[in-house]
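As a basis for the values below, the full set of heavy atoms in this structure was taken, side chains included, without hydrogen atoms, waters or symmetry mates.
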Amino acid sequence: MVFAGESHDLEEMLGNLLENAAKWSRSVFRLSARPEERDGRAVVILAVEDDGPGIPQDQAERAIKRGQRLDETVPGTGLGLSIVSETAGEYGGELRLARANIGGLRAELILPSIPFSAPQRR
C-alpha cells in the first residue's frame, strides 16, 4: 500500500510525530506501518509509540487542538499534533491518540492508500 497524497505532507506528518516521540520518550520510541481495509477503503496505518508519560485519555482531544500544550514547562508551540491532524483530515484521514503498549503515547495516523504494484520484470 502507498499513501495516496503528497510526499511532503507525509514527511511533515511523520516528522512531527517522530519529533514529539523523541522529545517525550524516556528511552524508546518506535514506528510501525501496516495496510488495512476500513469501511471498504484501503488505508495505511502509521503508528508512532513512545515510553514517555503519555497523555491522559480525557486530554487527547485537547492535545490535538491548535496551540494547546498540556505541559507548559516543555519548549514548543503546541502545533505539531494539530498540524498532523489537520493535514490527515485534508486527505480524509485522521489522527488518534491512545496509550502505547510500551507505556507512553501511541499516535496512530490513518491515511488513505492505493495498492502498490511492483514493476513487472521482463
Side-chain angles (χ1 to χ4, degrees):
M1 303 298 239
V2 176
F3 169 55
E6 298 291 328
S7 62
H8 64 89
D9 285 337
L10 180 60
E11 290 170 10
E12 181 177 35
M13 289 185 287
L14 278 177
N16 279 325
L17 293 178
L18 290 169
E19 182 179 319
N20 193 59
K23 181 181 355 180
W24 290 101
S25 71
R26 292 184 178 103
S27 62
V28 176
F29 65 93
R30 65 181 173 203
L31 168 67
S32 62
R34 73 177 190 276
E36 198 170 291
E37 188 170 312
R38 289 196 176 177
D39 301 323
R41 66 185 187 126
V43 297
V44 62
I45 300 173
L46 304 166
V48 177
E49 295 180 299
D50 66 61
D51 65 347
I55 295 174
Q57 196 59 43
D58 65 338
Q59 295 289 313
E61 190 175 316
R62 180 174 167 239
I64 294 175
K65 289 186 179 171
R66 183 174 288 274
Q68 294 293 312
R69 294 178 44 223
L70 300 181
D71 186 345
E72 296 291 331
T73 65
V74 177
T77 60
L79 294 176
L81 293 177
S82 67
I83 289 171
V84 173
S85 180
E86 289 170 13
T87 305
E90 290 173 9
Y91 287 103
E94 63 180 304
L95 174 65
R96 292 184 182 170
L97 303 179
R99 186 90 176 141
N101 292 334
I102 58 175
L105 179 67
R106 175 182 176 87
E108 195 171 77
L109 186 56
I110 304 163
L111 297 169
S113 68
I114 53 175
F116 174 77
S117 56
Q120 299 295 319
R121 294 184 185 197
R122 292 182 189 204

The side chain to side chain contact (heavy atoms under 4.5 Å, CB included) partners of E6 (sequence neighbours excluded) come to H8, D9, Y91
E94 meets the side chain to side chain contact (heavy atoms under 4.5 Å, CB included) criterion, sequence neighbours left out, with R96, I110
Contacts satisfying ring-ring contact (aromatic ring centres under 6.0 Å, His included) that involve residues 38-63 (not counting sequence neighbours) are none
Q | Validation row: L14, L31 side chains within 4.5 angstrom (heavy atoms) | A | yes
| Does the side chain of L10 reach to within under 4.5 Å of the side chain of L46, using non-hydrogen atoms? | yes
- Task: Apply side chain to side chain contact (heavy atoms under 4.5 Å, CB included) to V84 and N20, showing your working.
- Result: CA-CA 11 Å; V84 173; N20 193 59; over 6 Å; no
ask   = Is the side chain of R38 donor-acceptor paired with the backbone N or O of A42 at a distance under 3.5 Å, no angle test?
value = no
Exactly one candidate in I83, L95, T87 meets side chain to side chain contact (heavy atoms under 4.5 Å, CB included) with N16; the answer is I83
In short, E36 meets I45 closest at the heavy-atom pair OE1-CD1, 3.5 Å
Tightest non-hydrogen contact, residues L109 and A88, listed as CD1-CB, 3.7 Å
Those residues at least two apart in sequence (or on a different chain) that pass salt bridge (Lys or Arg N to Asp or Glu O under 4.0 Å) with R41 are none
So salt bridge (Lys or Arg N to Asp or Glu O under 4.0 Å) across residues 46-55, not counting sequence neighbours, yields R30-E49, E49-R106
When rounded to the nearest 0.5 Å, the distance separating CZ of F29 from CD of E19 is 10.5 Å
Value for CD (E12) from CG (L17), rounded to nearest 0.5 Å, stands at 10.5 Å
TODO: Determine whether V44 and L18 fall in the same hydrophobic cluster, where Ile, Leu, Val, Met, Phe, Trp and Tyr are linked whenever their side-chain heavy atoms lie under 4.5 Å apart.
DONE: yes
